[in-house]
Amino acid sequence: EVQFVESGGGLVQPGGSLRLSCVASGFTFSSTAMTWVRQTPRKGLEWVSAINSASDFIMYTDSVKGRFTISRDNAKNTLYLQMDSLKPDDTAVYYCQKGFIATEDFKGANYAHWGQGTQVTVSS
(Lines give C-alpha, C1' and ligand atoms only; values in the text may rest on other atoms or scores of the structure.)
Protein backbone atom coordinates (compact mmCIF):
# COMPACT_ATOMS: atom_id res chain seq x y z
CA GLU A 1 0.00 0.00 0.00
CA VAL A 2 1.21 3.51 -0.80
CA GLN A 3 2.15 5.32 2.40
CA PHE A 4 3.63 8.69 3.32
CA VAL A 5 4.99 9.67 6.75
CA GLU A 6 5.66 13.39 7.14
CA SER A 7 7.66 14.81 10.05
CA GLY A 8 9.71 17.81 11.15
CA GLY A 9 7.01 20.39 11.75
CA GLY A 10 6.60 22.48 14.86
CA LEU A 11 6.24 25.96 16.31
CA VAL A 12 8.77 28.51 15.11
CA GLN A 13 9.12 32.30 15.28
CA PRO A 14 8.97 34.43 12.12
CA GLY A 15 12.34 34.32 10.39
CA GLY A 16 13.12 30.87 11.74
CA SER A 17 13.77 27.59 9.94
CA LEU A 18 12.44 24.04 9.82
CA ARG A 19 13.35 20.95 7.81
CA LEU A 20 10.50 18.63 6.85
CA SER A 21 10.91 14.99 5.87
CA CYS A 22 8.61 12.56 4.07
CA VAL A 23 9.34 8.84 4.09
CA ALA A 24 7.47 7.08 1.27
CA SER A 25 6.73 3.42 0.64
CA GLY A 26 4.56 1.15 -1.48
CA PHE A 27 5.83 2.32 -4.89
CA THR A 28 9.07 2.86 -6.80
CA PHE A 29 10.12 6.14 -5.22
CA SER A 30 13.34 6.49 -7.25
CA SER A 31 11.43 6.77 -10.55
CA THR A 32 8.59 8.94 -9.26
CA ALA A 33 8.34 12.73 -9.17
CA MET A 34 7.25 14.15 -5.82
CA THR A 35 5.57 17.30 -4.54
CA TRP A 36 5.14 19.12 -1.22
CA VAL A 37 1.66 20.60 -0.74
CA ARG A 38 0.15 22.49 2.19
CA GLN A 39 -3.35 23.06 3.54
CA THR A 40 -5.01 25.84 5.54
CA PRO A 41 -8.67 26.48 6.34
CA ARG A 42 -8.38 29.87 4.64
CA LYS A 43 -6.62 28.94 1.40
CA GLY A 44 -7.35 25.24 1.16
CA LEU A 45 -4.83 22.98 -0.56
CA GLU A 46 -1.96 24.43 -2.62
CA TRP A 47 1.23 23.06 -4.12
CA VAL A 48 4.50 24.31 -2.64
CA SER A 49 7.34 22.64 -4.55
CA ALA A 50 7.83 19.78 -7.00
CA ILE A 51 10.87 17.72 -7.96
CA ASN A 52 11.42 15.09 -10.63
CA SER A 53 12.96 11.69 -9.98
CA ALA A 54 16.55 12.70 -10.85
CA SER A 55 16.41 16.07 -9.01
CA ASP A 56 17.31 17.95 -12.20
CA PHE A 57 13.96 19.69 -12.63
CA ILE A 58 12.44 21.64 -9.72
CA MET A 59 9.67 24.21 -9.35
CA TYR A 60 8.44 26.40 -6.48
CA THR A 61 5.26 28.36 -6.01
CA ASP A 62 5.97 32.10 -6.11
CA SER A 63 5.37 32.76 -2.41
CA VAL A 64 8.24 30.46 -1.28
CA LYS A 65 10.87 31.11 -3.97
CA GLY A 66 14.22 31.99 -2.42
CA ARG A 67 13.18 30.70 1.01
CA PHE A 68 12.41 26.98 0.58
CA THR A 69 14.57 24.23 -0.92
CA ILE A 70 13.24 20.84 -2.00
CA SER A 71 15.50 17.79 -2.23
CA ARG A 72 15.33 14.00 -2.13
CA ASP A 73 17.38 10.94 -1.24
CA ASN A 74 16.26 8.09 -3.47
CA ALA A 75 18.31 5.54 -1.52
CA LYS A 76 16.27 6.38 1.59
CA ASN A 77 12.88 6.87 -0.12
CA THR A 78 12.81 10.29 1.51
CA LEU A 79 11.72 13.74 0.34
CA TYR A 80 12.85 16.89 2.16
CA LEU A 81 11.79 20.52 2.39
CA GLN A 82 14.20 23.01 3.94
CA MET A 83 12.18 26.04 5.04
CA ASP A 84 14.04 29.26 5.87
CA SER A 85 12.90 32.82 6.62
CA LEU A 86 9.52 31.49 7.66
CA LYS A 87 6.51 33.80 7.66
CA PRO A 88 3.15 33.55 9.46
CA ASP A 89 1.51 32.89 6.08
CA ASP A 90 3.53 29.65 5.88
CA THR A 91 1.47 28.25 8.76
CA ALA A 92 -0.22 25.12 7.42
CA VAL A 93 -0.29 21.34 7.48
CA TYR A 94 2.36 20.11 5.03
CA TYR A 95 1.93 16.90 3.03
CA CYS A 96 3.97 15.04 0.43
CA GLN A 97 2.41 13.46 -2.64
CA LYS A 98 3.35 11.42 -5.72
CA GLY A 99 3.76 13.18 -9.04
CA PHE A 100 5.01 16.51 -10.37
CA ILE A 101 2.21 18.78 -9.18
CA ALA A 102 2.83 22.39 -10.17
CA THR A 103 -0.57 23.82 -11.00
CA GLU A 104 -3.04 26.08 -9.23
CA ASP A 105 -5.75 23.67 -10.40
CA PHE A 106 -4.42 20.95 -8.08
CA LYS A 107 -7.23 19.00 -6.44
CA GLY A 108 -6.60 16.68 -3.53
CA ALA A 109 -9.48 14.42 -4.47
CA ASN A 110 -7.52 13.25 -7.53
CA TYR A 111 -5.01 11.46 -5.28
CA ALA A 112 -5.98 8.29 -3.47
CA HIS A 113 -3.31 8.17 -0.75
CA TRP A 114 -2.36 10.81 1.83
CA GLY A 115 -0.24 10.82 4.97
CA GLN A 116 -1.18 12.56 8.22
CA GLY A 117 0.87 15.63 7.34
CA THR A 118 3.03 17.68 9.69
CA GLN A 119 1.88 20.94 11.29
CA VAL A 120 4.00 24.05 10.78
CA THR A 121 3.07 27.06 12.92
CA VAL A 122 4.92 30.35 12.47
CA SER A 123 4.04 32.76 15.27
CA SER A 124 5.55 35.07 17.86
Side-chain angles (χ1 to χ4, degrees):
E1 181 181 355
V2 174
Q3 292 185 339
F4 307 105
V5 181
E6 298 95 344
S7 63
L11 175 64
V12 64
Q13 296 184 16
S17 297
L18 288 171
R19 191 192 193 205
L20 308 184
S21 297
C22 167
V23 179
S25 60
F27 63 99
T28 306
F29 179 85
S30 61
S31 64
T32 304
M34 296 290 294
T35 301
W36 283 102
V37 302
R38 63 188 181 186
Q39 185 174 41
T40 66
R42 180 183 62 191
K43 295 183 177 180
L45 198 64
E46 64 173 345
W47 77 278
V48 177
S49 183
I51 184 170
N52 74 345
S53 61
S55 299
D56 58 4
F57 189 76
I58 293 170
M59 293 186 67
Y60 299 94
T61 197
D62 286 344
S63 64
V64 309
K65 288 180 180 177
R67 300 188 298 118
F68 291 9
T69 304
I70 192 171
S71 62
R72 63 192 294 161
D73 186 338
N74 286 342
K76 297 181 178 179
N77 281 12
T78 302
L79 180 72
Y80 302 99
L81 187 67
Q82 178 66 44
M83 310 166 67
D84 299 320
S85 302
L86 283 162
K87 303 175 179 180
D89 282 349
D90 296 318
T91 296
V93 180
Y94 285 72
Y95 301 89
C96 59
Q97 185 55 257
K98 295 172 62 182
F100 198 94
I101 307 167
T103 174
E104 295 178 354
D105 293 329
F106 168 67
K107 296 180 179 179
N110 291 335
Y111 297 85
H113 299 94
W114 292 90
Q116 292 299 305
T118 185
Q119 175 72 52
V120 172
T121 303
V122 185
S123 176
S124 299

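Being a predicted model, the structure only gives us computed values, none of them experimental.
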Which heavy-atom pair separates Tyr60 from Thr69 by the least distance, and what is that distance? OH-CA, 3.3 Å

Just by distance, do the side chain of Gln3 and the backbone of Gly26 share a donor-acceptor pair under 3.5 Å? no

Would a distance-only check, ignoring hydrogens and angles, find a side-chain to backbone donor-acceptor pair under 3.5 Å from Thr61 to Ser63? no

Hey, is Lys65 close enough to Asp62 for a salt bridge, meaning N to O under 4.0 Å? yes

Indicate if Val5 and Ile70 have the same hydrophobic cluster label, given that clusters are the connected sets of ILVMFWY residues with side-chain heavy-atom separations under 4.5 angstrom. no

Can you see which heavy atom on Ser71 is nearest to which on Ile51, and at what distance? CA-CD1, 4.0 Å

Residues 74-83 vs side chain to side chain donor-acceptor pair (under 3.5 Å), sequence neighbours excluded, gives Arg72-Asn74, Gln82-Asp84

Same cluster (ILVMFWY, side-chain, under 4.5 Å), Phe106 and Val48: no

Measure across Val12 and Gly16 and return the closest heavy-atom pair with its distance rounded to 0.1 Å. CG2-CA, 3.7 Å

Pairs of donor and acceptor atoms involving the side chains of residues 117-124, under 3.5 Å and at least two apart or interchain, shall be tabulated with distances.
from, atom 1, to, atom 2, distance (Å)
Thr118, OG1, Gly9, N, 2.9
Gln119, NE2, Ala92, O, 3.4
Gln119, NE2, Thr121, OG1, 3.4

Applying the 4.5 Å side-chain criterion to the ILVMFWY set and letting contacts propagate, would Leu79 and Phe100 be lumped into a single cluster? no

To the nearest 0.5 angstrom, please state how far the OG atom of Ser7 sits from the CG atom of Leu20. 8.0 Å

What are the two closest heavy atoms between Ala33 and Asn52, and how far apart are they? CB-CA, 3.9 Å

Roughly how far, to the nearest 0.5 Å, is the CZ atom of Phe68 from the CG atom of Leu18? 9.0 Å

Check side-chain contact (heavy atoms from CB on, under 4.5 Å) between Val2 and all other residues, then give those that pass, not counting sequence neighbours. Phe4, Phe27, Lys98, His113

In this structure, CZ of Arg38 is separated from OG1 of Thr91 (nearest 0.5 Å) by 9.0 Å

May I ask you to decide if the ring planes of Tyr95 and Trp114 are parallel, tilted or perpendicular, using 30° and 60° as cut-offs? perpendicular

Judged by atom type as modelled, is there a donor-acceptor pair below 3.5 Å linking the side chain of Ser49 to the main-chain atoms of Met59? yes

Heavy atoms, side chains only, cut-off 4.5 Å: are Met34 and Phe29 in contact? yes

Using side-chain heavy atoms (C-beta onward) and a distance below 4.5 Å, is Arg42 in contact with Asp89? yes

Would you say Val93 and Ile101 are hydrophobically clustered, going by side-chain heavy atoms of ILVMFWY under 4.5 Å? yes

Separation between CG (Leu86) and CZ (Arg67), nearest 0.5 Å, reads 6.5 Å

Hydrophobic cluster identity match, Leu11 and Met83, side-chain contacts under 4.5 Å: no

Which value, rounded to the nearest 0.5 Å, describes the distance between Asp90 atom CG and Thr40 atom OG1? 11.0 Å

Which heavy atom of Ser17 sits nearest to which heavy atom of Ser85, and what is that distance? OG-N, 4.3 Å

Closest heavy-atom pair and its distance - Cys22, Trp36: CB-CH2, 3.7 Å

